[in-house]
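The structure appears below as structure tokens.
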Protein chains: 2
Amino acid sequence: MHSAQIDQVRRFNRTVTQRVGVLHDHYLGRDRPIGEARLLWEIGGQGEDVRRLRERLGLDSGYVSRLLRSLEADGLVTVEPHPRDRRVRTVRLTDAGRAERATLDARSDELAGSLLEPLNEAQRARLVAAMAEVDRLLTAGTVTLDTVDPGHPDALYCLRSYFTELQERFETGFDPERSLLPDAGELTPPRGEFLVARLHGEPVGCAGLKLPPGAPAEIKRMWVAPRARRLGLGRRFLIELEARAARHGRTLLRLDTNKALTAAIGLYHSCGFQEVPAFNDEPYAHHWFEKRVTAPPAALQE
Amino acid sequence: MHSAQIDQVRRFNRTVTQRVGVLHDHYLGRDRPIGEARLLWEIGGQGEDVRRLRERLGLDSGYVSRLLRSLEADGLVTVEPHPRDRRVRTVRLTDAGRAERATLDARSDELAGSLLEPLNEAQRARLVAAMAEVDRLLTAGTVTLDTVDPGHPDALYCLRSYFTELQERFETGFDPERSLLPDAGELTPPRGEFLVARLHGEPVGCAGLKLPPGAPAEIKRMWVAPRARRLGLGRRFLIELEARAARHGRTLLRLDTNKALTAAIGLYHSCGFQEVPAFNDEPYAHHWFEKRVTAPPAALQE
DNA sequence: CGATTTCTCTGACTAGAGTCAGAGAATGCA
DNA sequence: TGCATTCTCTGACTCTAGTCAGAGAAATCG
């Protein structure tokens with residue numbers, strides 16, 4: 001990390017927090033404390049359980065309760081017990097609450113507009129593009145890769161999404177029964193590993209590593225949620241799995257894929273995988289890849 | 001302004017304020033309230049008058065006084081009367097204060113580093129580049145163009161800087177006496193106009209428009225401070241002056257320039273100026289430009 | 001069925017970040 | 001010289017944004 005990079009990041013932080021901060025106070029902190037405004041926003045159109053609000057905003061239960069009393073006193077929300085579990089209480093916006101939320105929304109738009117407003121067309125386009133890039137990369141930096149059991153709810157969510165997507169994208173559809181998929185035991189230590197990527201705690205991708213004794217390691221079930229694409233997550237999975245395979249003493253890593261998954265095929269090429277003849281008879285595979293892996297020298301691990 | 005742009009800006013605001021905000025609290029709000037930290041930072045290595053601190057941070061005088069008492073009690077600053085005006089008090093960092101400021105500085109670096117840390121080399125480079133672009137364009141959006149009298153201190157500052165720069169950049173040096181410079185009266189209404197660009201209230205550029213009766217309008221003394229370059233300010237000056245010339249009923253706008261000012265020459269070309277034969281005998285000019293101007297249709301003025 | 005846990009709420013506090021209204025000293029201006 | 005102004009400081013407040021320690025109701029577990 002160069003100090004010129006650090007300096008630029010600091011300049012960015014200063015400019016953005018100043019500019020956005022001032023406007024934020026001006027547009028959004030107008031007639032309601034921002035704690036209340038945030039809560040009002042999070043309740044959403046459908047209503048929400050108090051405990052989930054607390055969780056999402058990371059606030060103390062007493063504090064949330066007090067904020068809700070205040071919103072209730074202003075006639076913006078109603079709080080009633082949850083029908084199935086009467087300990088839990090559900091918050092719902094009243095019509096007045098919905099109107100208030102709509103003005104908050106409009107103010108957010110105004111705030112955004114006021115950043116673009118002084119610029120000409122070309123500058124606006126460049127600013128928005130650069131913001132998208134910053135947004136993407138900062139988000140990418142918060143995605144965590146965790147080893148989990150393939151039976152974990154987050155893993156199951158990813159696998160189900162993965163299968164659904166394969167069914168939609170494969171010309172022939174996809175039937176898990178017909179595929180040479182590993183059973184769960186093959187993706188838990190010592191026979192393998194399973195990784196889940198999470199963004200703000202929500203699962204947004206998975207990848208499995210098979211470590212069959214006496215055979216090359218193999219990547220299975222790699223998937224990235226649509227909303228987490230373009231964050232370099234596929235590449236991160238591959239690098240992580242390569243390192244793990246190497247740590248288990250494997251020198252060859254393999255995978256197979258379907259011709260419909262063009263982005264994945266591009267990724268494999270760009271990550272140094274070589275296309276090779278079929279090494280299995282997976283019915284849904286059209287391409288087979290392999291890569292020699294070695295434990296990276298310590299200096300590059302960082 | 002498209003709603004897709006607005007949405008992207010809002011997403012950016014959310015991501016950045018969250019990510020940077022959390023880290024900000026973690027790194028900088030550690031052992032000192034951020035009000036004190038900001039003040040400590042603004043005092044700087046040289047010491048500073050209380051009134052200027054107040055001005056720069058936009059704080060209440062009572063509040064600043066209390067913050068200073070607190071910093072003083074911690075042995076971080078000393079406050080003593082200004083030698084020439086004993087109403088004013090000057091704050092100076094003690095050695096302990098300087099040390100504290102250095103740790104704040106280090107923490108800012110850490111904060112910046114922690115944004116880059118989870119990314120790989122290529123991603124870091126892209127993030128930093130995108131941040132620089134956002135920084136530049138947000139800054140550009142806060143630059144104001146104001147009509148001022150050429151005798152105003154900000155105007156004089158710009159003109160002096162302009163002449164100094166010409167002296168350095170012209171092969172032959174530059175002597176204002178030899179040049180066909182307009183006198184100040186030619187740049188005040190009704191014979192002309194003079195604009196100063198300001199960033200956070202500080203002058204960062206100027207441009208003059210001569211409106212000689214019965215002759216084409218002419219641009220003179222256009223200058224942008226080094227720290228405000230690459231913000232599209234030159235183009236903004238030209239557009240603004242074109243509009244003003246048109247509003248005064250002129251249809252032709254002229255200017256001359258020196259061959260050393262290559263960036264300016266590029267700008268004139270790209271803004272639609274055509275190079276023409278010399279229309280004056282300004283000794284320092286090598287290129288002469290003109291452009292037909294018309295009042296822009298209302299739809300484009302926005 | 002009783003003990004434990006979960007969920008929400010209330011009351012009592014705290015710290016930070018300011019605001020506002022003078023008071024007192026020094027300086028500037030007519 | 002005297003009056004107004006400038007500058008800083010103090011005291012007395014306010015509002016946000018929390019935290020912490022229970023209490024009471026409902027649900028769950030063994």
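In what follows, every chain begins at residue 1, and chains take the letters A, B, ... in the order their sequences are listed. Side chains are part of it too, since the values below use all heavy atoms of this structure and drop only hydrogens, waters and symmetry mates.
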For B:Thr103, the side-chain contact (heavy atoms from CB on, under 4.5 Å) test, sequence neighbours excluded, returns none

Please list, for nucleotides 28-30 of chain D, all pairs of protein and nucleotide N/O atoms separated by less than 3.5 Å.
none

Strictly distance-based, threshold 3.5 Å: is any side-chain N or O of [X] a donor or acceptor partner for the main-chain N or O of [Y]?
| X | Y | value |
| --- | --- | --- |
| A:Thr164 | A:Arg160 | yes |
| A:Arg236 | A:Val143 | yes |
| A:Arg124 | A:Glu117 | yes |
| A:Arg101 | A:Trp41 | yes |
| B:Arg56 | B:Glu42 | yes |
| A:Thr15 | B:Asp135 | no |
| A:Thr147 | A:Leu195 | no |

Indicate whether any N or O donor in one side chain lies under 3.5 Å from an N or O acceptor in the other, for B:Arg11 and B:Gln8.
yes

All N/O pairs under 3.5 Å across the protein-nucleotides 11-14 of chain D interface:
| residue | atom | partner | partner atom | Å |
| --- | --- | --- | --- | --- |
| D:dG11 | N7 | B:Arg66 | NH1 | 3.4 |
| D:dG11 | N7 | B:Arg66 | NH2 | 3.4 |
| D:dG11 | O6 | B:Arg66 | NH2 | 2.7 |
| D:dA12 | N6 | B:Arg66 | NH2 | 3.4 |

Where along [range] does a heavy atom fall under 4.0 Å from DNA chain C?
| range | value |
| --- | --- |
| residues 15-27 of chain A | none |
| residues 67-84 of chain B | B:Arg84 |
| residues 31-52 of chain A | A:Val50, A:Arg51 |

How long is the line joining [atom1] of [X] and [atom2] of [N], in whole Å?
| X | N | atom1 | atom2 | answer |
| --- | --- | --- | --- | --- |
| B:Arg86 | C:dG24 | CZ | P | 18 Å |
| A:Tyr63 | C:dC13 | OH | P | 20 Å |
| B:Leu53 | D:dC9 | CG | C1' | 15 Å |
| B:Arg89 | D:dT8 | CZ | P | 9 Å |

Within the supplied structure, the quantity of interest is the number of heavy atoms (other residues, nucleotides, ligands) at a distance under 6.0 Å from A:Arg52 CZ; does it exceed 12? no

Closest to the side chain of B:Ser65, out of D:dT10, C:dC7, D:dA17, is D:dT10

